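Note that the structure is a prediction, hence the values are computed from the model and not measured. Residue numbering restarts at 1 for every chain, and letters A, B, ... go by the order of the sequence lines.
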Amino acid sequence: MINPFVEEIALQVSHATNMPADEVRALLETPPRPEMGDRALPCFALAKTLRKAPHLIARELAAQMATGGRISEVRPTGPYLNFFLSKTHLIAETLWAILDQGAEYGRGDEGVGKTVVIDFSHPNIAKPFGIHHLRSTVIGNALRNIYRALGYKVVGVNHLGDWGAQFAKLILAWNYWGEGELTADITIQKLLELYVRIHEEIEDKPELEREARAWFRRLEAGDEEAVRMWRVCVEASFKEFDRVYKMLDIGFESIAGESFYQDKMPAVLAQLREQGLLTQSEGASIVDLEAWDMPPFIALRSDDATLYGTRDLAALMYRWKTYRFEKLLYVVDVAQSLHFRQLFQVLELMKCDWREKCVHVQFGRLRFKDGGGASTRRGNVIFLEDVLHRAIELTRQIMADKNPDLPNREQIARDVGIGAIIFADLDSKRVRDIAFDWDEVLNFNGETGPYVQYTHARYCSVLRRYAGPLPPRDVNFELLNETEAVEVVKCLARFPDQIQKAADEYEPAAITALMVELCVVANRFYNAHQVLSGRADLTAARVALVYAIKTVLASGLALLGMKAPEQM
RNA sequence: GGGGCAUUAGCUCAGUUGGAUAGAGCACUGGUCUCCGGAACCAGAGGUCACAGGUUCGAAUCCUGUAUGUCCCA
């Protein structure tokens with residue numbers, strides 16, 4: 001989506017300097033303070049080509065700019081050429097666009113006819129849905145919404161960890177300590193206990209390790225009993241995952257776990273061999289990556305155990321064949337970055353010219369302030385479900401205190417409590433580790449999820465009290481000239497660009513940041529001006545602004561995967 | 001040992017890809033309400049952008065080295 005105001009500036013400058021409009025657009029920036037203008041052209045870059053001092057260029061260019069339309073004033077300030085946008089144009093164009101398009105505002109069509117595959121969440125079967133899966137799940141889901149808003153066909157893939165030696169260990173454990181036949185009634189909690197217990201046992205009696213391996217071979221060979229027990233574990237796990245996904249309101253277009261690619265690995269190995277990429281080393285078949293300063297990619301190990309590298313390669317091939325994606329995003333922990341660098345390098349060696357379409361969207365890890373990490377083997381896991389319930393419970397308490405007579409309280413408590421968790425995760429940029437601190441996550445004051453939802457609910461309340469039709473037509477936008485209102489409009493106008501940025505950088509935090517900014521200016525406006533005033537025309541104009549705020553907040557929250565309750 | 005990522009206010013984080021006086025929230029101190037939702041708003045205080053060099057008109061941002069944290073690799 002093109003910003004008509006930026007376009008206008010770019011064209012005018014381009015005309016005056018013979019610089020391509022694209023280059024001008026790239027140079028434009030926003031001045032640090034609003035009094036200085038709305039957009040600025042730094043003239044340093046021009047100084048070299050024009051062989052003139054930047055401040056002189058700014059002065060000369062200022063004289064050549066036409067004002068009166070979208071641009072109201074052009075002012076040279078030192079080496080900067082500062083543009084002031086016409087408030088009237090800006091307000092009218094932005095608000096009309098939002099009032100017209102409603103929830104469609106900010107969406108784009110760059111992705112029409114293209115597919116983006118997003119691999120996210122991927123919890124492990126027979127293990128609890130721990131809080132360490134939160135990030136991938138929430139970031140991936142937000143990206144799914146964002147790309148969809150730009151017109152892409154999005155395929156969200158849940159690449160479940162449903163294959164591996166841990167199942168053999170579980171089967172072994174059940175055979176030792178389980179009662180009767182293993183059925184899908186078994187809880188994850190129970191499976192986890194078995195898993196922890198067998199691990200302790202193996203430490204004492206290493207011979208159990210061999211037994212487990214034997215079971216795993218049976219499983220891989222398709223042994224009836226082994227496969228049946230494996231299937232039970234998968235089924236039992238799904239029950240728990242579904243519960244969490246329902247709470248988060250997240251879905252997938254494709255659920256294809258590791259087991260799905262079991263039979264697709266030989267073909268990949270054959271191709272590697274054919275292309276002469278495999279070499280032998282210590283009994284294993286590897287792809288040598290020394291030329292790229294990386295350890296070898298292990299395609300096949302000496303003990304013929306399964307390898308997730310080869311499996312990932314098989315998954316990649318399958319996805320390319322199936323979807324012909326424009327992009328394939330792996331929303332995976334930063335700890336896996338070497339693995340993906342190797343994987344993509346192998347792709348290149350295999351002459352897959354679509355290698356550049358594959359991206360590891362990495363993110364930092366959750367750190368716990370009290371030092372307690374999360375290790376499944378030792379059993380000290382923080383369950384995501386517990387975290388969500390705790391947030392919901394706190395929300396209930398706050399609501400009982402602030403708004404005890406609300407209808408539909410239970411649903412709202414869920415929307416807000418879960419929203420707080422999601423927002424806390426998406427609030428800072430992906431690459432950073434997140435310091436998870438209960439006091440901070442459950443503090444709903446300041447720039448938080450509940451703050452954004454509150455602002456939305458507050459304005460919904462204003463709109464409920466407004467008697468006229470929504471959105472109001474026949475609005476005199478001139479009446480919105482106060483600085484507080486103009487600041488809101490400027491923020492609203494940035495929404496489309498920000499969605500684009502979030503997609504380009506795979507960074508949902510771009511949306512979060514804009515939401516907070518919008519709430520700050522919106523609340524400032526609320527505090528400074530009475531929306532429902534005695535004057536009909538003024539009220540209509542302000543209601544139009546409020547309606548636009550509400551619309552964009554609701555859209556933004558939806559992109560983040562959060563609910564926008566009308567009361568809370 | 002080799003490599004990746006990070007380091008900005010007491011804490012948690014922004015910083016528009018090299019530009020103008022480095023910004024928010026939490027916590028702290030003080031203030032705003034006869035009025036549409038106080039989960040709000042305003043103000044104050046809080047900084048050697050880890051450290052040292054380099055690149056240039058100009059560096060929190062780029063390059064080199066060092067330190068610290070964290071993860072990965074046999």
Check your understanding: Picking from A20(B), U70(B), A27(B), which would you name as closest to the side chain of D433(A)?
Key -> U70(B)
Exercise for review: Would you mind classifying the nucleic acid contact of P295(A) as base, sugar-phosphate or nothing, using non-hydrogen atoms under 4.0 angstrom?
Suggested key: sugar-phosphate
**Study point:** 5'-most by nearest nucleotide on RNA chain B - M36(A) or H339(A)
**Key:** M36(A)
Check your understanding: Between K52(A) and E60(A), is there a salt bridge with N-O shorter than 4.0 Å?
Key -> yes
Practice item. Compare the minimum distances between each of A20(B), A6(B), G37(B) and the side chain of T77(A), then state the nucleotide with the smallest one. Key: A20(B)
Check your understanding: Looking for any heavy atom pair under 4.0 Å, which part of the strands does K501(A) touch: base, sugar-phosphate only, or nothing?
Key -> nothing
Check your understanding: Looking across every strand, which nucleic acid part, if any, lies under 4.0 Å from Y466(A) by heavy atom: base, sugar-phosphate, or nothing?
Key -> nothing
Review point. Quick one: do R70(A) and E7(A) make a salt bridge, cutoff under 4.0 Å?
Key: no
Practice item. Using heavy atoms to find the nearest nucleotide of RNA chain B for V531(A) and C519(A) separately, return the residue whose nucleotide is more 5′. Key: V531(A)
Check your understanding: For the side chain of N82(A) and the base of A20(B), is some donor closer than 3.5 Å to an acceptor across the two?
Key -> yes
Exercise for review: Can you label the angle between the Y526(A) ring and the Y459(A) ring as parallel, tilted or perpendicular, going by 30° and 60°?
Suggested key: perpendicular
Exercise for review: Among C35(B), U12(B), A39(B), find the nucleotide with the atom closest to the side chain of Q530(A).
Suggested key: C35(B)
Review point. Does R542(A) have a side-chain nitrogen or oxygen under 4.0 Å from the phosphate oxygens OP1 or OP2 of C36(B)?
Key: no
Check your understanding: At under 4.0 Å, does any side-chain N or O of N445(A) touch on OP1 or OP2 of A40(B)?
Key -> yes
Check your understanding: Is any side-chain N or O of R365(A) under 3.5 Å from a base N or O of U70(B), one able to act as donor and the other as acceptor?
Key -> no
Check your understanding: Does a nitrogen or oxygen in the side chain of R458(A) sit under 4.0 Å from OP1 or OP2 of C36(B)?
Key -> no
Check your understanding: Is R39(A) positioned over the aromatic face of F83(A), cation under 6.0 angstrom from the ring centre and no more than 45 degrees off axis?
Key -> no
Practice item. Name the nucleic acid region contacted by Y451(A), choosing base, sugar-phosphate or nothing; use a 4.0 angstrom heavy-atom cut-off, strictly under. Key: sugar-phosphate
Review point. Within the structure shown, what part of the strands sits under 4.0 Å from H360(A) by heavy-atom distance: base, sugar-phosphate, or nothing?
Key: nothing
Exercise for review: Check whether any side-chain N or O of R465(A) sits under 4.0 Å from OP1 or OP2 of G37(B), and answer yes or no.
Suggested key: yes
Practice item. State the CG-CG distance between L545(A) and L95(A), to the nearest 0.5 angstrom. Key: 6.0 Å
Review point. Out of A39(B), A14(B), G25(B), which has the shortest distance to the side chain of Y454(A)?
Key: A39(B)
Check your understanding: Using a cut-off of 4.0 Å on non-hydrogen atoms, how would the nucleic acid contact of Y459(A) be classed: base, sugar-phosphate, or nothing?
Key -> nothing
Study note, to complete from the structure: Per atom distances to the E440(A) side chain, the nearest of A20(B), U7(B), U12(B) is U12(B)
